[in-house]
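Contents: one structure, followed by commentary.
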Amino acid sequence: MKLQAVKGTFDILPEEQSKWRFVYEVAQRVLEHAGVQELSPPIFEHSEVFTKSVGESADLVVQKEMYSFTDLGGRSLTLRPEFTAGVMRAFIEHGMQMCPSPIKLWSRGPAFRAEKPQKGRYRQFHQINCEILGLKHALVDAEAIALLYQIFSELGLKNLLVKLGSVGDPPDRKAYNQYLREQLGQVQDKLSEVSRERLKLNPMRVLDSKDEGDQAIVRELKRPLDFIGAEARAHFEEVKSYLRNWDIPFEIDDSIVRGLDYYNRTAFEFHHGDIGSQSALCGGGRYDGLVENMGGPKTPGVGWAFGIERVLLALEQDRAELPTQQRLALFLIPMDDEAVAEVAKFALGLRQRFSVEHAYTRRNPGKGLKEADRAGAVFAALRGSKEREAGSYQLKHLASGEQITVSQTQLADFLAARL
RNA sequence: GUGGAUGUAGCUCAGUAGGUUAGAGCACCGGAUUGUGGUUCCGGGGGUCGUGGGUUCAAAUCCCAUCAUCCACCCCA
């Protein structure tokens with residue numbers, strides 16, 4: 001059988017690297033300018049790190065999508081399906097609650113879920129994650145959203161849709177779930193099969209149903225927002241007023257829900273108009289109970305993560321200008337055997353300042369220049385017996401064809417002036 | 001997990017009423033052109049037609065299975 005990448009995984013090829021770096025660089029700049037520090041947790045953790053964090057209702061769904069294995073020491077380990085749990089574990093393990101609040105942490109890298117692959121949905125995918133811990137203020141929720149908005153804007157994304165909602169505090173959710181069970185329970189036989197299933201596990205997910213019959217029923221019901229308590233409502237209003245004040249456009253989604261138990265109050269998603277069924281670029285929200293759930297000190301927090309694959313898809317869809325590979329500055333062409341060693345040594349010195357490649361065997365000028373073109377070089381420099389006598393190179397600007405003789409001692413400075 | 005589409009050269013794709021040696025464009029290599037490139041012209045290499053079975057005198061083509069990709073659903077920490 002021919003070897004190939006595992007289902008749902010892919011190679012990032014050399015010509016694609018620059019756009020990935022672009023996303024990392026923009027995110028890093030925006031986040032670090034805001035005092036967010038990078039924390040890199042391991043790619044795998046004890047399985048309990050993830051099972052503890054997700055809560056019970058999600059167990060069934062979530063566990064079968066995790067890549068878990070037993071190592072040689074008999075430990076049950078899991079490849080991270082997301083960043084939050086690992087970051088929280090690190091936060092607790094290193095006693096970071098002692099740091100001045102808020103503690104802002106970001107992470108990047110691959111994560112793993114055993115889902116059925118599709119465009120924009122892979123088994124190894126890549127995320128940039130951000131958590132702001134230690135404060136309950138609405139200002140922090142707004143800042144988290146603002147950071148994300150700034151990253152997406154600087155990347156050049158258009159057609160962005162920011163959806164904002166609130167899932168309230170735990171008692172509010174309990175009350176709403178109770179309400180849904182009562183209301184939907186009465187019309188159970190009119191619901192789609194999928195929704196009946198959801199009704200058992202997580203009634204709020206019925207609101208997401210795409211079935212038209214379900215939608216008709218759901219439209220008559222009260223929304224999660226109708227159930228949130230006074231404090232959560234005040235918090236929500238405050239988040240909105242910050243965002244308005246900062247000119248960050250958003251729309252209220254009164255039925256926004258979260259798959260996991262640990263979320264409370266603010267929940268948000270960023271969507272992009274047209275990248276197929278996987279339109280969510282990012283999800284995030286507040287999770288005041290999480291750190292405590294995981295055995296740490298009571299610590300409020302807000303976080304988000306976005307998927308790089310989907311953001312790149314969205315950028316392509318928007319025809320955003322992405323940086324291309326950095327061009328090679330100079331390609332050295334040895335025209336006789338003696339020159340091969342000369343250009344190789346010359347290149348070593350020049351590489352302190354420029355990107356320089358050379359041919360590894362003798363070339364006649366025609367071949368050499370063709371090769372320089374293919375390497376994408378800005379300049380080519382030819383070296384043969386005449387140049388050796390003069391201690392020089394024939395330096396050629398490939399785009400214009402302009403060519404001059406430059407002494408080898410001055411070539412670096414000449415290049416620096418012209419690039 | 002459910003339903004559907006697709007799979008032929010490195011890439012994009014032709015090629016099926018089953019029938020010599022499976023094609024094109026791009027890319028690659030060589031030559032025209034041994035001290036000056038990108039154009040042009042000529043030539044060349046590269047395929048067990050995703051894989052495995054089956055039907056047949058004969059399969060890229062028909063049937064079954066399997067793997068992979070894509071689309072919708074599902075899920076989405």
Side-chain angles (χ1 to χ4, degrees), chain A residues 1-10 13 15 49-55 57-66 78 80-88 111-123 125 127 129 131 192-195 197-198 201-202 205 208-211 257-263 267 269 275-285 287 290 303-307 310 331 333-336 339 362-377 379-387 393-403 405:
Chain A
M1 184 184 123
K2 209 157 64 167
L3 293 179
Q4 55 183 306
V6 173
K7 179 174 180 157
T9 70
F10 57 93
L13 296 171
E15 61 268 26
V49 170
F50 302 113
T51 52
K52 259 192 182 172
S53 73
V54 294
S57 70
D59 264 14
L60 287 170
V61 189
V62 158
Q63 287 205 30
K64 69 178 181 196
E65 294 197 352
M66 297 203 300
T78 296
R80 65 184 178 208
E82 53 133 2
F83 281 81
T84 302
V87 172
M88 293 310 123
F112 307 83
R113 293 179 199 173
E115 293 185 280
K116 184 157 178 173
Q118 218 172 296
K119 192 174 199 170
R121 186 170 81 176
Y122 303 94
R123 291 183 167 183
F125 57 100
Q127 285 192 330
N129 181 80
E131 316 285 352
S192 68
E193 200 180 323
V194 172
S195 290
E197 202 53 39
R198 283 171 170 173
L201 283 173
N202 189 349
R205 301 270 358 254
D208 283 348
S209 174
K210 285 172 187 159
D211 184 274
V257 295
R258 285 279 93 117
L260 298 191
D261 290 344
Y262 58 65
Y263 284 100
E269 289 170 5
I275 54 171
S277 60
Q278 311 294 317
S279 75
L281 299 178
C282 163
Y287 48 77
L290 178 58
W304 50 251
F306 70 82
R310 289 187 194 177
F331 190 90
I333 302 163
M335 292 189 288
D336 57 30
R362 172 166 51 86
R363 290 280 187 281
N364 64 43
K367 284 273 175 296
L369 288 167
K370 196 169 179 177
E371 202 171 334
D373 259 335
R374 278 202 349 245
F379 285 95
L382 297 146
R383 174 79 165 191
S385 56
K386 291 179 200 162
E387 290 76 19
Y393 278 85
Q394 294 294 327
L395 185 67
K396 182 158 195 153
H397 186 249
L398 288 165
S400 65
E402 186 189 340
Q403 179 172 330
T405 304

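Lettering of chains follows the sequences in order, A, B, ..., and the numbering in each one begins at 1. Quick note: numbers below take in every heavy atom, side chains included, and nothing from hydrogens, waters or symmetry partners.
As rounded to the nearest Å, B:rG15 and B:rA72 have C1' atoms that lie 31 Å from one another. Straight-line distance between the C1' atoms of B:rU20 and B:rA58: roughly 12 Å, to the nearest whole Å. Atom C1' of B:rU21 sits at a distance of 15 Å from the matching atom of B:rU48, rounded to the whole Å. To the nearest whole angstrom, the two C1' atoms, one in B:rU2 and one in B:rG47, are 36 Å apart. Taking atom P in both B:rC74 and B:rC67, the straight-line distance is 24 Å, to the nearest Å. Straight-line distance between the P atoms of B:rA24 and B:rC70: roughly 30 Å, to the nearest whole Å. The same atom, P, is picked in B:rC28 and in B:rG23; the two are 23 Å apart, to the nearest Å. The gap from the P atom of B:rG52 to that of B:rU12 amounts to 23 Å, rounded to the nearest Å.
Shortest non-hydrogen contact noted between A:Ala372 and A:Ala380 is CB-CB, 3.9 Å. In plain terms, the two heavy atoms of A:Ala377 and A:Phe331 that are nearest each other are CB-CB, 3.8 Å.
Within the 3.5 Å criterion, the main-chain N or O of A:Pro117 finds no donor-acceptor partner in the side chain of A:Arg123. At distances below 3.5 Å, at least one donor-acceptor pair connects side-chain atoms of A:Arg310 with backbone N or O atoms of A:Gly120.
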Inset, instruction - List the steps, then state whether side chain to side chain contact (heavy atoms under 4.5 Å, CB included) holds for A:Met88 with A:Glu131. - result: CA-CA 9 Å; A:Met88 293 310 123; A:Glu131 316 285 352; 3.9 Å; yes
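Distance check, rounded to the nearest 0.5 Å: CE of A:Met335 to CZ of A:Arg383 gives 9.5 Å. One distance of note links CG of A:Leu382 with OH of A:Tyr393; it measures 10.0 Å at 0.5 Å rounding. The structure places NZ of A:Lys396 at 9.0 Å from CD1 of A:Ile333, a figure rounded to the nearest 0.5 Å. Here CZ of A:Phe83 is found 11.5 Å from CH2 of A:Trp304. Values are rounded to the nearest 0.5 Å. Interatomic distance, CG of A:Asp336 versus CD of A:Glu387, reported as 9.0 Å (0.5 Å rounding). Distance check, rounded to the nearest 0.5 Å: NZ of A:Lys370 to CG of A:Leu398 gives 14.0 Å.
Rounded to a whole Å, the OH atom of A:Tyr263 is 7 Å from the P atom of B:rA77. A:Met66 has its CE atom 10 Å from the C1' atom of B:rA77, to the nearest Å. Between the NZ atom of A:Lys119 and the C1' atom of B:rU6 there is a distance of 14 Å, rounded to whole Å. The NZ-P distance, from A:Lys7 to B:rC70, rounds to 10 Å in whole Å.
There is no side-chain donor-acceptor pair under 3.5 Å between A:Gln127 and A:Glu82.
Stem analysis of RNA chain B (Watson-Crick or G-U pairs, both distances under 3.5 Å, runs of at least three) returns B:1-7 with B:67-73, B:10-13 with B:23-26, B:28-32 with B:40-44, B:50-54 with B:62-66.
Residue order along RNA chain B, read from the 5' end via each residue's closest nucleotide, puts A:Arg374 first among A:Tyr122 and A:Arg374.
If you check every strand for non-hydrogen atoms under 4.0 Å, A:Gly8 touches sugar and phosphate atoms only.
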Inset, instruction - Could you run through nucleotides 33-46 of chain B and give me one letter per nucleotide, 5' to 3': B if any protein heavy atom sits under 4.0 Å from the base, S if only the sugar-phosphate is that close, - if neither? - result: --BBBB--------
I'd like a list of close polar pairs between nucleotides 1-5 of chain B and the protein, N/O only, cut-off under 3.5 Å.
residue	atom	partner	partner atom	Å
B:rU2	O4	A:Lys116	NZ	2.9

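Comparing B:rA68, B:rC29, B:rA77 against the side chain of A:Gln4 picks out B:rA68 as the nearest.
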